[in-house]
Amino acid sequence: MNKRPVLLGMLALLFGAAMGSPALPQAGSADAANGAPVPYALTMGDMMNTLIQPRHAKLGLAGEAKNWQLAQYALVEIRQAFAGIVKAQPKFMGLPVQQLVDAALTQPMNAVDAAIKEQDGKKFAVAYAQLTAGCNACHSAVEHPFVVIKVPDASAFPNQDFNPH
Ligand code: HEC
C-alpha cells in the first residue's frame, strides 16, 4: 500500500497548524467530518461497566464486612448511578429503561436498605442476593443473559478497606 498520500496529508495538516490555517478544526466546533473532537458518549455497556459493576461489588463487600455506614453510602451511590443512566439512556432495544430498572431492582434495593438500617447481616445477604438476581433478570430481558452478575467472592479494590472503623 502506498503511504505517501497519508504522509503528505499529515504534513499539510502540520504546515496548516504552523500557519494558523482555518482548515484545522477549531476547539469547540464539534465537526466529526473535519476530524474535530467529538465528546465521547457512554454506551449502556460503558455505564454498566464503570458506574454499576464496581458499586454493586462495593455494596456487597461493605455489607459482608458489616460496615453499615459504607454499605448505606454504596447503596445511595448505586441508586444515583441508575437515576443518571435512565436519563442518559431512556430506551434500550426500544424498551423503557426506567421501567426495566424499577421492575428488576426497586424491591430488592428497598430490602437491602432495610437490612442496612437494621444492621442485620443475614437479612442483608438475602436482600443482596435478590438484588444480584435483579441485575441478571434485566440482562435476560434485554438479550444479554450471558452477562451474569454474582455476589463478589473477593475484593477487586486492593486500595480500599471495607471493614468498619
Ligand atoms: C435496564 C436493565 C438493567 C439492569 C437493571 C442492570 N443492567 Fe447491566 N446491562 C444492561 C444492558 C442493556 C447491558 C448491555 C449494554 C450494552 O451492551 O451496551 C448490561 C451490561 C452489563 C455489564 C457488562 C458491561 C461490560 O462492559 O462488561 C455489566 C458488568 C452489568 N451490566 C452489570 C450490572 C449490575 C451489577 C447490575 C445490577 C446492580 C445491572 N447490570 C443491572 C441492562 C441492565
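Whatever order the structure lists ligands and atoms in, that order sets their numbers, starting from 1.
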(request) Using a cut-off of 2.8 Å, count how many protein N, O or S atoms are strictly closer to atom 8 (Fe) of ligand 1. (result)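 For atom 8 (Fe) of ligand 1, the figure is 2.
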(message) Please work out, at 4.0 Å between heavy atoms, whether the side chain, the backbone, both, or neither of D46 comes within that distance of ligand 1.
(response)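 The answer is neither.
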(request) May I ask you to identify the nearest protein heavy atom to atom 27 (O) of ligand 1, giving residue, atom name and distance to one decimal place in Å? (result)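 Going atom by atom, the protein heavy atom closest to atom 27 (O) of ligand 1 ends up being N49 OD1, 3.7 Å.
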(request) Have a look at A57, G45, A104 and point out the one with the heavy atom closest to atom 24 (C) of ligand 1. (result)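 Checking each option, the heavy atom nearest atom 24 (C) of ligand 1 is found in G45.
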(message) For atom 35 (C) of ligand 1, tell me which residue out of H56, Q98, E143 has the closest non-hydrogen atom.
(response)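 Minimum heavy-atom distance to atom 35 (C) of ligand 1 goes to H56.
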(message) Less than 4.0 angstrom from a charged side-chain N to a carboxylate O is my criterion; do D113 and R79 meet it?
(response)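 Yes, this pair counts.
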(request) Look at K150 together with D153 and state whether they make a salt bridge at an N to O cut-off of under 4.0 Å. (result)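 Looking at K150 and D153, the cut-off is met.
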(request) May I ask you to list the atoms of ligand 1 that are less than 4.0 angstrom from any heavy atom of L105? (result)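 What qualifies from ligand 1 is 5 (C).
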(message) Suppose we screen for side chain to side chain contact (heavy atoms under 4.5 Å, CB included). Which residues come up paired with T50, at least two apart in sequence or across chains?
(response)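 Per chain and number, T50 pairs via side chain to side chain contact (heavy atoms under 4.5 Å, CB included) with no residue.
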(request) Cation-pi check, K58 to F157: give yes when NZ or CZ is under 6.0 Å from the six-membered ring centre and within 45° of the ring axis, no otherwise. (result)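 Here K58 passes the 6.0 Å and 45° test against F157.
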(message) Quick check: closest heavy atoms across A74 and L59, and the distance to 0.1 Å?
(response)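 So the two residues come closest at CB-CA, 3.7 Å.
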(message) Can you see whether Q98 engages K87 through a side-chain donor-acceptor pair at a distance of less than 3.5 angstrom?
(response)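 No pair is found: no donor N or O on one side chain lies under 3.5 Å from an acceptor on the other.
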(message) Between P90 and V97, is there a side-chain heavy-atom distance shorter than 4.5 Å?
(response)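 No, their side chains stay 4.5 Å or more apart.
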(message) Using a 6.0 Å cut-off, check whether atom CD of E118 has over 12 heavy atoms from anything other than its own residue.
(response)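 More than 12 heavy atoms, drawn from other residues, nucleotides or ligands, come within 6.0 Å of this atom.
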